[in-house]
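What follows is one structure encoded as structure tokens, with my remarks underneath.
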Amino acid sequence: MNVLVTGGAGYTGIPLTRALLEAGHQVTVLDAFVDAPHALIPLLLQYPALSVARRDVRELGTEDVAGIDLVYHLAAISGYPECQADPFTARTVNVDATARLAELLGPDQMLVFASTTSFYGASGAASTEATEPTPVSLYGETKAQAERVVMQRPNSVSLRWATVFGASPRMRMSLMVNDFVLRALEDRVITLYDGDSRRSFIHIEDQTRGYMDVLERPEAYRDRIVNMGAEVLNLTKREVAQGVAARIPCEVLDADVADRDTRHFFVSYALAEEIGFRCTRDLAYGVAELERTLRMFLPRSTIL
């Protein structure tokens, strides 16, 4: 199968690209390579079936999707702080480029959109695929808008991912679990802002498995929105910090000020389980993996 992965040189894109190549598919990665341009070199050297288009996703053209059977649309400005820092880029990349991609694809080309549970907002209630998104950040707003565009076309699926954690060839440290492990190693302190607010998490290996499951069983996902994660990984920030502290000795402190990111929700993953997708990695696995990885890369002088 000919597969296009937008954002395929990113934190979640590289593991997916590797999995696709290992499964024998022809893969094209379209990525702007804003930083870490070397990240795909090992895969390029190992797999002749990989080709790379160094291009901003906002520059997508008909030549990029010609002959493609399935598109994984991962390219985005991801996360609360990244979107707040550059709202114009967040909107043009996350919304406008997604609309352009949906326009370019024919009905026989499947589009798999990397959506998010982040736009379930601050309700504190259990959220299903039928729950109306109530984003509390620009990131959530743009992903909700893009998802609506995607699901207006046939042969699409939107995967609403829990917050990802774990090690990748292209690390992303702004994610909560990854950041807490780094703070524990460097500072021996994790500071909590609204520590009892609840989020939802998924290990990057399980996310990759979920993406591959769509390719392997498209009829189970086609034209559906699916929350992707595990209910046992609906955790408060405090529970995450305590999980990190159980592995890496550190203090867990409460801040005196509130978090500007006010998300607080519980996600139901009943539909994913009904389809047949289940997570296999837990928080302890990810924390141990991250500790091994970060100890290797951090200067010894910074690890107390």
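Note: hydrogens, waters and symmetry copies are ignored here, and every other heavy atom, side chains too, is used.
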Could you see if [X] belongs to whatever hydrophobic cluster contains [Y]? Use Ile, Leu, Val, Met, Phe, Trp, Tyr and a side-chain cutoff under 4.5 Å.
| X | Y | result |
| --- | --- | --- |
| Val52 | Val57 | no |
| Leu44 | Val29 | yes |
| Val95 | Leu30 | no |
| Leu283 | Ile248 | yes |
| Leu60 | Ile68 | yes |

Is [X] salt-bridged to [Y], cutoff N-O under 4.0 Å?
| X | Y | value |
| --- | --- | --- |
| Glu147 | Lys143 | no |
| Arg183 | Asp179 | yes |
| Arg170 | Asp35 | yes |
| Lys237 | Asp259 | yes |

Got a donor-acceptor contact below 3.5 angstrom from the [X] side chain to the [Y] backbone?
| X | Y | value |
| --- | --- | --- |
| Asp194 | Ala258 | no |
| Arg224 | Ala220 | yes |
| Thr6 | Leu74 | yes |
| Thr208 | Ile204 | yes |
| Gln26 | Ala49 | yes |
| Asn178 | Phe165 | no |
| Asp31 | Ala9 | yes |

I'd like to know whether [atom1] of [X] has more than 12 heavy-atom contacts from other residues, nucleotides or ligands below 6.0 angstrom.
| X | atom1 | value |
| --- | --- | --- |
| Tyr285 | OH | yes |
| Glu251 | CD | no |
| Arg58 | CZ | yes |

Nearest 0.5 Å, please: how far is [atom2] in [Y] from [atom1] in [X]?
| X | Y | atom1 | atom2 | answer |
| --- | --- | --- | --- | --- |
| Leu21 | Gln46 | CG | CD | 8.5 Å |
| Tyr269 | Asn234 | OH | CG | 5.5 Å |
| Thr89 | Asn94 | OG1 | CG | 9.5 Å |
| Asp56 | Phe33 | CG | CZ | 12.5 Å |
| Thr134 | Glu141 | OG1 | CD | 11.0 Å |
| Ile77 | Asp86 | CD1 | CG | 7.0 Å |

**Study point:** pair Glu231-Ser200: side-chain heavy atoms closer than 4.5 Å
**Key:** no

**Study point:** Shortest non-hydrogen contact between Phe113 and Ala146, atoms and distance
**Key:** CZ-CB, 3.6 Å

Check your understanding: Considering the options Glu289, Arg209, Arg281, which one meets the side-chain hydrogen bond (donor to acceptor under 3.5 Å, both in side chains) requirement together with His203?
Key -> Glu289

Practice item. Let me know which of Arg199, Arg263, Arg160 forms a side-chain hydrogen bond (donor to acceptor under 3.5 Å, both in side chains) with Tyr120. Key: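 Testing each of Arg199, Arg263, Arg160 against Tyr120, the sole residue satisfying side-chain hydrogen bond (donor to acceptor under 3.5 Å, both in side chains) is Arg160.
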
**Study point:** salt bridge (Lys or Arg N to Asp or Glu O under 4.0 Å) between Arg238 and Asp254, intermediate numbers included
**Key:** CA-CA 9 Å; Arg238 193 176 312 282; Asp254 285 288; 3.0 Å; yes

Review point. Can you list the steps and then say if Trp161 with Phe201 is a ring-ring contact (aromatic ring centres under 6.0 Å, His included)?
Key: CA-CA 8 Å; Trp161 294 108; Phe201 302 91; over 10 Å; no

Exercise for review: Step by step, work out the side chain to side chain donor-acceptor pair (under 3.5 Å) result for Glu205 and Thr280.
Suggested key: CA-CA 9 Å; Glu205 289 180 17; Thr280 62; 5.6 Å; no

Check your understanding: Using a distance-only test with no angle check, is there a side-chain donor-acceptor pair under 3.5 angstrom linking Tyr193 and Asp261?
Key ->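 No pair is found: no donor N or O on one side chain lies under 3.5 Å from an acceptor on the other.
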
Review point. Does any donor atom in the side chain of Ser137 or Gln84 lie under 3.5 Å from an acceptor atom in the other side chain?
Key: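 Side chains of Ser137 and Gln84: no pair found under 3.5 Å.
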
Exercise for review: Could you please spell out the steps behind the salt bridge (Lys or Arg N to Asp or Glu O under 4.0 Å) verdict for Glu239 and Arg198?
Suggested key: CA-CA 9 Å; Glu239 288 169 334; Arg198 190 173 296 276; 3.7 Å; yes

Practice item. Report the C-alpha distance between Met110 and Met1 in whole Å, list the side-chain angles of each, state the deciding distance to 0.1 Å, and finish with yes or no for side-chain contact (heavy atoms from CB on, under 4.5 Å). Key: CA-CA 12 Å; Met110 191 172 193; Met1 186 176 288; over 6 Å; no

Practice item. Apply side chain to side chain donor-acceptor pair (under 3.5 Å) to Ser51 and Thr28, showing your working. Key: CA-CA 5 Å; Ser51 58; Thr28 300; 3.0 Å; yes

Practice item. For a side-chain contact (heavy atoms from CB on, under 4.5 Å) with Tyr72, tell me which candidate from Val27, Thr12, Val5 qualifies. Key: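 Per the side-chain contact (heavy atoms from CB on, under 4.5 Å) rule, the option paired with Tyr72 is Val5, out of Val27, Thr12, Val5.
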
